[in-house]
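To start, the structure under review is shown below, and the notes come after it.
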Protein chains: 2
Amino acid sequence: MTASPARHATILDVAAAAGVSKSTVSNVIRGVVGVSPDTRTRVQEVIDQLGYRPNVLARQLVQQRTTTLGVVVGDMGNPFYAEMAKHIEREAAGRGYRAMFCNTQGENEAELSGLESLMEYRAAGVLFLSQPADRERARSIVSGRAPAVFVTCAGDWGDTVSADDDAGAELATEHLVRLGHRRIAYFADPIVEDSADHDRQTGYHRVMDRAGLAPTIFHWQRQPGELLRQKRDEQVAEILRTRVTAVFSSNDYGAIELLECADRLGVKVPDDLSVVGFDDVVMAGLARINLTTVRQPQAELAGIAVEILDARVNGVLDGAHQRRTLDVELVLRGSTASPQP
Amino acid sequence: MTASPARHATILDVAAAAGVSKSTVSNVIRGVVGVSPDTRTRVQEVIDQLGYRPNVLARQLVQQRTTTLGVVVGDMGNPFYAEMAKHIEREAAGRGYRAMFCNTQGENEAELSGLESLMEYRAAGVLFLSQPADRERARSIVSGRAPAVFVTCAGDWGDTVSADDDAGAELATEHLVRLGHRRIAYFADPIVEDSADHDRQTGYHRVMDRAGLAPTIFHWQRQPGELLRQKRDEQVAEILRTRVTAVFSSNDYGAIELLECADRLGVKVPDDLSVVGFDDVVMAGLARINLTTVRQPQAELAGIAVEILDARVNGVLDGAHQRRTLDVELVLRGSTASPQP
DNA sequence: CTGTCATTTTGGATCGTTCCAGCCGCGCCT
DNA sequence: AGGCGCGGCTGGAACGATCCAAAATGACAG
C-alpha cells in the first residue's frame, strides 16, 4: 500500500454525490434548521461514507475567527507547567477550542517567534502561563489582535488570573516564623521569574518586617533551559554557610532542587534546614519528597482563565481588565520543623 | 482603551500602502528572487509599520498543505510524556512546524474527537505518543489523510520510533536476577498500555524463562485520569503478600507510585523490595527517588520521529513503514539490592 | 527609431468554506 | 384563477493568501 496523499473530500464532492448544492451540505454540517429530514439523512450518509471532514482553515478564513488558543509556557519540563498545560488543554477542548502550545524554555527568541506564529495562525486568544521576557515586544505583537490572559503571572495588559501569591507567601513565611526560624531566605527561580514571584516576595517581606527579621533574597543562577547541578550545589552550599535555617522557594520545582542539593551536601531536612515550596505539584505530595508548600488551585485557575478568554473572544466581556485572585492553602508536610538549637 | 478587535492588516492593505500589487507583496514576504531591492525595502517598511503578519490559514488553504503536527498524548501529567512533549515541540518548531497537542487522558472519546479535530485542521502529520485505545477507528480517521508516526508505542500502520523495549526489559530483569531475586513481578500501567509495554513484557518473560523463574504480571487498576491512592495501597499490599521481592515496572511513573505505596506501607526499598523502572524521567534521578531504571533517549526519539514525519510529509520518504529502534541503557541507582535472606 | 530580451510587476484563478439574497414550488385563501 | 406566504434549496460573493502566465518596463543593439 503506497501512502497516496488521497486528497481530502470537499464539500463539493459531498454535494455532487448527494445531488444537492454545497449550501445544503453546509447547512447540514452546521446543523442549521430548515433542511428537510429527508435531505439531511441523505447528506449525512454521503458524509459518513466519504469520511468527509470540513476544512477548518477554510471555515475560519471566511468566518474571520478561529478556535485556536495560543498558550505560552516557560518550561514544560517543570511539572507545574505541565500540569497546568494539561488542565488548560482540557478546559479549552471543553469550550470548543484547540490549544497551541509554545514552549519558550526561557528564551526570548523562542517566545517572540512563537507569539508571531500564533498571530499568523490568527489565534483567537493568548494565554500566558509564564511572564513574557520581553513584555514590550510581546505586547506589541499580541495587543489589539487577540485578547490575552495571564495565568499565574502578572501582565500589565490583558486579564489576570492568579492565586493569591501575596497571601500564600505570608502563610508560608508566617509558618516558618512561628516555628521559630529567624534566618529565613527567599529563593527565586529566574526562568519563571513571573510577577507571581514579585507578589510572593512582597508577602515574604511583609511578614519578615512584621517579625523584625532581616530578609534575604537568593536567585538561582542558571542558563536558560539547562540545570547545572554542580553549580547549584555550590550556590546552595554558599547560602547555607550564611547560616540560614529556612528557605521559602518561589516554586516547588526550585524547592525540590533545593532538597536535592541539601541531600547531596548532607544537610538534613527539616532538622538542619526547613523548606517551603509554592504550587503543590503532584510530586510534592510523594512521601519521599513530602514538601510543605502552598497549594495553587490549578484546575480552577485553568478553568477561569479559559472562561475569561472565551468571554473576551465572544465579546461578552468588555472593558477593563479583569483581575481574579484565587485563595491558596498552606499544605503542611514534613519539610519544615523548628530549628535545632 | 476599549478592546477593539482591530482587524488584522491584509496583504491588500500593505499593497495599497506601498503602491504595489498584492503579488509583489507576496513575493517580498516569501523572499522570492526577482524583486528589485528598491521595492523590497519599501514594502518591508510598510509591513513593519503596519505590523502585517500573513494569514497562515489563507496560505495553507491555497497551498493545500499545513505545517501543523498533531500530537496525541495519553497523559500530560505523566512526566515522561510531558518531557517528550517538550522535546517534540522543540523539534517540530526547528523544522518549521507547529505542534498541536491532544491530551486524551486515556479516554477513548477524547482521543477520537481529538484526532478528528486534527484532521479538520488538516494536520500534515500525526505523532502518537501513546497508543490509540481504539486502533481501528483511529486508523480509519487518520490513514490516507496524514502520515502517522508512533513514538514509544507500536502502531500497525505508520512508522515507529521507539527505544529497544525488549532489550531494556532484559537488562532490567537480568539485573534483578543477578542480584539473586527469584520472585520478580512485572507491573503494567493501563493508561499507557502501549505495546512498548508488550515488548517490555516479552523481554521480561524471556529472562525469567531463561532463569527458570515463574513470571508474575500485575496491572494497576485505576479509573482513567485519576489515581486512587488508597486503592493502590491495597493492590500493592496484596501483591507484597505474594512474597515478591522485586518489581519491574513498565514505566517510571508506575515505579514511583510503587515506591510511594511501599513507603506508606512501611516496606523498605531496596531491602524488602527492589524496584526498577523504565524511562529515566528527570524525577527518577533525584536523590530522594533514586530509582534504578532503563533510560530512554528522549531527545533522540523526538528528533527522529519528527524527522521521519517531516520526510513523509515532503514525500522524500516513500514506501514501507520505517521501524527505528534506539538503544537503551540501564541506570543503576539505589532502588535495587540483593534480597534479604 | 525600432526590435529584442531580460527583469519586474501585475491580474486573475484558485483553495474550501460561510452566509445572504433570491428562487422555486406548493398549498391556501379569497 | 390569481396572489401570497413559506419552507427548502441554491448560486455567487466573500475571506486572504499563492502562483502562473502575461504585461509592463527598461536597456541596449542595430
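Keep in mind it's a predicted model, so treat the numbers as computed, not measured. Chain identifiers are assigned alphabetically (A, B, ...) following the order of the sequence lines, protein sequences preceding nucleic acid strands; residue numbering begins at 1 within each chain.
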Taking only residues two or more places apart in sequence or in another chain, which ones pass side-chain hydrogen bond (donor to acceptor under 3.5 Å, both in side chains) with B/Glu300? none

side-chain hydrogen bond (donor to acceptor under 3.5 Å, both in side chains) partners of B/Thr67, counting only residues at least two apart: A/Tyr121, B/Gln60

Within residues 50-65 of chain B, residues whose heavy atoms come under 4.0 Å of DNA chain C: B/Leu61, B/Val62, B/Gln64

If you take any heavy atom closer than 4.0 Å to DNA chain C, which residues from residues 19-38 of chain B end up in contact? B/Val20, B/Ser21, B/Lys22, B/Ser23, B/Thr24, B/Asn27, B/Gly34, B/Val35, B/Ser36

In chain order, what residues pass the side-chain contact (heavy atoms from CB on, under 4.5 Å) check against B/Asp156, with sequence neighbours excluded? B/Arg135

For A/Ile11 and C/dC19, give me the distance from atom CD1 to atom C1', rounded to whole Å. 12 Å

Taking any atom closer than 4.0 angstrom to a non-hydrogen atom of chain B, what span of DNA chain D does the protein reach, first nucleotide to last? D/dG16 to D/dC19

For B/Arg42, does the CZ atom sit with more than 12 other heavy atoms under 6.0 Å from it, leaving out its own atoms? yes

Does A/Glu109 have any salt bridge (charged side-chain N to carboxylate O under 4.0 Å, His left out) partners at least two apart in sequence or in another chain, and if so, which? none

Excluding sequence neighbours, so at least two apart, what forms salt bridge (charged side-chain N to carboxylate O under 4.0 Å, His left out) with B/Arg95? B/Asp310

Residue list, side-chain contact (heavy atoms from CB on, under 4.5 Å) with B/Glu45, at least two apart or on another chain: none

Any residue meeting side-chain contact (heavy atoms from CB on, under 4.5 Å) with B/Ile11, in chain and number order, not counting sequence neighbours: B/Lys22, B/Val25, B/Ser26, B/Ile29, B/Tyr52

With sequence neighbours left out, what residues match A/Glu89 under salt bridge (charged side-chain N to carboxylate O under 4.0 Å, His left out)? A/Arg98

Not counting sequence neighbours, which residues clear side-chain contact (heavy atoms from CB on, under 4.5 Å) with B/Val46? List them please. B/Val14, B/Ala17, B/Ala18, B/Leu50

